[in-house]
2 protein chains.
Amino acid sequence: MKSKMQMIESILKGKNIKLTKQRKAIMEIFLNYDEHFKPEEVYDLVRNQGIGLATVYRTIEILKIHDIIEEITIGKDRYYELKLFSEKALHIHFTCKKCNRIYDYDKTEMVLDLIRLRNFVEKEYHVDVEDMKIMMKGICEKCRR
Amino acid sequence: MKSKMQMIESILKGKNIKLTKQRKAIMEIFLNYDEHFKPEEVYDLVRNQGIGLATVYRTIEILKIHDIIEEITIGKDRYYELKLFSEKALHIHFTCKKCNRIYDYDKTEMVLDLIRLRNFVEKEYHVDVEDMKIMMKGICEKCRR
DNA sequence: CTTGATGCAAAGGATTTGCACAAAT
DNA sequence: ATTTGTGCAAATCCTTTGCATCAAG
C-alpha cells in the first residue's frame with residue numbers, strides 16, 4: 001500500500017513535475033501537520049534546509065493547482081491546508097472575531113446538508129460544482145464567557 | 001419612508017462619520033448597481049468626480065466595518081458588494097473555472113439549508129455565528145456546452 | 001471654528017519574476 | 001544531456017499611511 005506521500009508523488013510525476021527535495025520538504029509540512037499555514041509560516045519551517053521563500057510560493061501554487069492543498073482567505077490573510085486525503089474533506093472554517101482563532105468543523109451531520117446544498121445548486125443552475133468552501137464568522141465558545 | 005441612502009446616512013451619522021460628497025458617491029455605486037466591485041472598479045466609476053483611490057479604499061473600509069457592504073475573496077481578487085438591504089442576504093457565490101465569471105445564487109430553498117447549518121454549528125460548537133459565506137467553484141452552464 | 005476627511009505621493013507588505021546556476025530525469 | 005527547478009534580488013501589485021490642505025458639522 002502506497003503512503004500518502006507516494007500517492008502525491010505519483011500524481012505529480014504524471015505531470016512532468018520534478019520531485020525535488022525542496023518540494024518534498026514542503027509537502028511534508030502539509031502532510032505531517034493537518035493544519036493551515038501561511039506561506040511565511042511554511043517558509044519558517046523549511047528555511048533551515050536552505051529553501052527560499054520564492055520556492056515556497058512556487059510549490060504552494062503547484063500543490064494548489066493539483067488540488068493537493070486548498071487555499072482559504074480570512075480577512076487579509078491567505079492560508080493553505082491539505083485537501084487531498086483530508087478526512088475533513090468538506091468542512092467549515094469558523095473565525096472568531098475576538099481572538100481571531102480559526103477553527104475547522106467537520107461533523108458528518110453537516111456534510112449531509114452541504115451535499116444537499118451542492119446537489120440543489122447543480123440542478124437549479126445547471127452547473128458542475130467541483131469545490132465548495134464555507135466560512136463562518138462570529139464569537140467562539142472561549143470568548144463568549 | 002426613508003430611502004436606502006438616507007438609512008445608511010443615519011447609521012453613519014451616529015458614529016461621527018461625516019457625509020462627504022466622496023462617500024456619498026461611492027455609496028451610490030453599491031446602491032445603484034447591486035453587484036460586486038473591486039476597489040479599482042469603484043475608482044474608475046468615480047475618478048471623474050475627482051475622487052482619489054485612497055479615498056475609495058478608506059470608504060470601502062468604513063462601509064465594510066459597519067456591515068453596509070461585504071467583502072468576498074475569489075482567488076487573488078477582492079470584491080465588495082452591498083450587504084445591507086440586499087434581498088439576497090444569504091447567498092452563494094459561484095465562480096466558473098473556465099470563464100471566471102462570478103454568479104450570485106439566492107433561491108430560498110437554499111437559504112433554509114443554510115440556516116439549518118448555522119443553527120447546527122451554533123449548538124454543536126457553542127459559538128455565535130454572525131456571518132457566513134459560501135463559495136462554490138466549478139463549471140457554469142454556458143461553459144459546459 | 002474644530003474636527004475629521006481628502007488627495008497626492010511615498011511607504012509597506014505580499015507575491016511574482018528574471019536570470020545564472022544546480023539538480024532531476 | 002536536457003529540461004525543469006532553485007535561490008537571490010529586483011520588480012510588481014495591491015493597500016495603507018503621512019502630511020498639508022479642505023470641507024462638514
Side-chain angles (χ1 to χ4, degrees), chain A residues 5-6 8-29 36-66 68-81 100, chain B residues 5-6 8-29 36-66 68-81 100:
Chain A
M5 178 58 97
Q6 288 170 328
I8 294 180
E9 289 182 358
S10 47
I11 290 173
L12 298 180
K13 262 185 200 152
K15 320 230 179 197
N16 263 15
I17 293 173
K18 290 184 180 169
L19 293 165
T20 63
K21 64 177 193 310
Q22 290 88 334
R23 286 176 181 165
K24 285 183 189 169
I26 293 167
M27 281 158 41
E28 288 200 323
I29 300 296
H36 49 255
F37 296 99
K38 299 184 195 180
E40 282 282 338
E41 293 170 338
V42 174
Y43 176 56
D44 284 341
L45 293 169
V46 298
R47 61 190 307 175
N48 60 333
Q49 297 168 57
I51 298 178
L53 181 56
T55 298
V56 170
Y57 274 103
R58 287 186 278 229
T59 303
I60 284 179
E61 184 65 17
I62 290 173
L63 296 177
K64 192 180 72 175
I65 286 176
H66 296 97
I68 292 163
I69 61 175
E70 71 177 311
E71 182 182 270
I72 57 175
T73 303
I74 291 172
K76 303 184 188 333
D77 297 317
R78 246 134 98 188
Y79 297 90
Y80 299 89
E81 66 181 37
N100 287 315
Chain B
M5 179 58 100
Q6 288 170 328
I8 294 181
E9 289 182 358
S10 48
I11 290 174
L12 297 181
K13 263 184 200 157
K15 321 229 177 198
N16 262 15
I17 293 173
K18 290 182 180 170
L19 294 165
T20 62
K21 67 176 191 309
Q22 290 88 334
R23 285 177 181 165
K24 286 183 189 169
I26 294 166
M27 281 158 41
E28 287 198 326
I29 300 296
H36 49 255
F37 295 99
K38 299 185 196 181
E40 283 282 339
E41 294 171 338
V42 173
Y43 176 55
D44 284 342
L45 293 169
V46 299
R47 64 190 305 175
N48 60 333
Q49 299 168 56
I51 298 177
L53 181 56
T55 297
V56 170
Y57 273 102
R58 285 187 280 231
T59 302
I60 283 179
E61 184 64 18
I62 290 174
L63 297 176
K64 190 179 74 173
I65 287 176
H66 295 98
I68 293 162
I69 60 175
E70 72 177 309
E71 183 181 273
I72 57 175
T73 303
I74 291 173
K76 304 185 184 335
D77 297 316
R78 245 135 99 188
Y79 297 89
Y80 298 89
E81 66 180 36
N100 287 314

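So that the names make sense, note that chain A is the first sequence line, chain B the second, and so on, each numbered from 1.
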Check L63(A), T59(A), T55(A) against R23(A) for a side-chain contact (heavy atoms from CB on, under 4.5 Å) and give me the one that passes. T59(A)
Need one value for R23(A): base, sugar-phosphate or nothing, where a base atom within 4.0 Å counts as base even if backbone is also close, heavy atoms only. sugar-phosphate
NA contact type, R78(B), heavy-atom cut-off 4.0 Å: base, sugar-phosphate, or nothing? sugar-phosphate
Ignoring hydrogens and angles, are the base of [N] and the side chain of [X] linked by a donor-acceptor pair under 3.5 Å?
X: R58(B); N: dG4(C); answer: no
X: R47(A); N: dG7(D); answer: no
X: K76(A); N: dT15(D); answer: no

Checking contacts here: which listed nucleotide ([options]) is nearest the side-chain heavy atoms of [X]?
X: I17(A); options: dT17(C), dT15(C), dG5(D); value: dG5(D)
X: Q22(B); options: dG7(C), dT15(D), dT17(C); value: dG7(C)
X: I51(A); options: dG7(D), dT16(D), dG7(C); value: dG7(D)

Map T20(A) and K18(B) onto DNA chain C by nearest heavy atom, then report which one ends up closer to the 5' terminus. K18(B)
Interatomic distance where [atom1] belongs to [X] and [atom2] belongs to [N] [whole Å]:
X: K15(B); N: dA5(C); atom1: NZ; atom2: P; value: 14 Å
X: I60(A); N: dT16(C); atom1: CD1; atom2: C1'; value: 13 Å
X: I65(A); N: dT16(C); atom1: CD1; atom2: C1'; value: 13 Å
X: E9(B); N: dG25(D); atom1: CD; atom2: C1'; value: 14 Å
X: E41(A); N: dG13(C); atom1: CD; atom2: P; value: 17 Å
X: L19(A); N: dA23(C); atom1: CG; atom2: C1'; value: 13 Å
X: L53(B); N: dT16(D); atom1: CG; atom2: C1'; value: 10 Å
X: D77(A); N: dT15(D); atom1: CG; atom2: P; value: 14 Å

Find out whether M27(A) and L12(A) are in side-chain contact, i.e. whether some heavy atom of one side chain is under 4.5 Å from a heavy atom of the other. yes
Is the closest side-chain heavy-atom distance between E9(B) and K24(B) below 4.5 Å? yes
If you draw a 6.0 Å radius around CG in N48(B), do more than 12 non-hydrogen atoms from other residues or ligands fall strictly inside? yes
Just to confirm, is there a sub-4.0 Å distance from OP1 or OP2 of dT15(D) to any side-chain nitrogen or oxygen of Y57(B)? yes
Taking OP1 and OP2 of dT4(D), is either one under 4.0 Å from a side-chain nitrogen or oxygen of N16(A)? yes
Check this for me: does any side-chain nitrogen of one of E61(A) and K64(A) sit under 4.0 Å from a carboxylate oxygen of the other? yes
Between E61(B) and K21(A), who's closer to the 5' end of DNA chain D by nearest nucleotide? K21(A)
